[in-house]
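Have a look at the structure below, then the notes.
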Amino acid sequence: IEKALTEQDLAGRHVLVTAGPTQEAMDPVRFLSNHSTGKMGYAIAARAAMRGADATLVSGPTALDTPHGVTRVDIVSARDMYDAVTSRAPEQDFIIKAAAVGDYRPAQTADEKLKKGDGEMNIELTRNPDILAALGKDKKPGQLLCGFAMETQNLLDNAESKLRRKNCDMLVANSLRDKGAGFGTDTNVATLLFKDGHRETPPMMSKEDLADVILDRLLAMNN
Ligand code: CTP
Ligand code: CA
């Protein structure tokens with residue numbers, strides 16, 4: 001019923017959203033990860049489907065239910081996410097990278113549980129591929145890329161350089177320091193940065209409402 005009452009302004013559009021954390025295994029019982037809960041990305045996928053898009057959600061491990069009408073692809077590591085996203089990228093109109101992708105993974109994943117010794121433990125880390133940067137290098141004509149940036153300092157400068165470096169059309173910048181923003185909250189405070197240089201800071205709102213604003217702006221650039 002809700003969908004019947006919602007304008008189907010994304011009908012015919014293919015939207016791929018990434019959400020949640022990645023997990024990088026150290027051994028069969030331990031991993032490196034982050035505090036992402038996936039709420040923002042799930043809200044975007046849910047609203048895209050509600051508005052008629054063909055919505056795909058590539059998700060790291062979360063506790064959230066698959067939104068109605070969304071095709072969900074579960075992944076664990078950043079490399080899994082890279083494969084899942086790049087293989088589906090060519091047919092997408094919008095790609096929205098809300099996931100908190102691990103920048104590093106343990107250089108080796110032990111086959112057996114690591115046992116503690118008497119001294120220190122050092123884990124060597126190796127860089128993961130940057131999925132958004134790869135998408136930006138290989139953008140199909142007319143495709144729009146939206147990145148996210150979560151920062152604790154120099155929010156707008158860091159966000160602007162990510163927008164440029166990764167060839168995004170739009171970037172959603174969040175400060176972990178803002179009240180009502182950050183991990184696990186139901187609201188978000190964000191500044192939207194656009195490729196043409198303009199910026200917009202909507203008031204604090206629910207992640208669903210911010211999802212609609214993000215989709216509205218992409219649609220406006222795409223029309
Ligand atoms: N991202 C990605 N692949 C990675 C790392 C990040 O696709 N390996 C994407 C994120 O999904 C997000 C954007 O890039 O949309 C920015 O992520 P962020 O972690 O803020 O930026 P980084 O470039 O990784 O820089 P840093 O963590 O050093 O601030
Ligand atoms: Ca990062």
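We number each residue from 1, following the sequence as shown. Read the numbers this way: they start at 1 and go in the same order the structure lists the ligands and their atoms.
- Those atoms of ligand 1 with a heavy atom of A99 less than 4.0 angstrom away are 10 (C), 11 (O).
- Counting atoms of ligand 1 from 1 in the listed order, those under 4.0 Å from a heavy atom of R165 are 23 (O).
- Applying the 4.0 Å criterion to heavy atoms of D103 picks out, from ligand 1, the atoms 5 (C), 24 (O), 27 (O).
- Backbone and side-chain nitrogen or oxygen atoms of T18 are examined, and none is located within less than 3.5 angstrom of a nitrogen or oxygen of ligand 1.
- Counting only heavy atoms from C-beta outward, the side chains of L145 and I96 never approach each other to under 4.5 Å.
- Ligand-side atoms of ligand 1 in range of G147: 15 (O), range being under 4.0 angstrom from any heavy atom.
- Within a 6.0 Å radius of CG in D196, other residues, nucleotides and ligands contribute more than 12 heavy atoms.
- For the residue pair E24 and T22, a side-chain donor N or O sits within less than 3.5 Å of a side-chain acceptor on the partner.
- The shortest N or O to N or O distance between A149 and ligand 1 is not under 3.5 Å.
- Heavy-atom proximity to atom 18 (P) of ligand 1, evaluated over M81, K162, M150, is greatest for K162.
- Look at A100 and you'll find every heavy atom at least 4.0 Å from all atoms of ligand 1.
- Every N/O-N/O distance between G102 and ligand 1 stays at or above 3.5 Å.
- The main-chain N or O of S77 is found under 3.5 Å from a side-chain atom of D80 such that the two form a donor-acceptor pair.
- The distance from the CD1 atom of I214 to the NZ atom of K207 is 10.5 Å, given to the nearest 0.5 Å.
- Not a single N or O atom of V101, backbone or side chain, sits closer than 3.5 Å to an N or O atom of ligand 1.
- With rounding to the nearest 0.5 Å, the separation of CG in D83 from CE in M81 is 11.5 Å.
- Of all the heavy atoms of P129, the ones lying under 4.0 Å from any atom of ligand 1 belong exclusively to the backbone.
- A salt bridge between R47 and D209 is absent, with no side-chain N of the basic residue lying under 4.0 Å from a carboxylate O of the acidic one.
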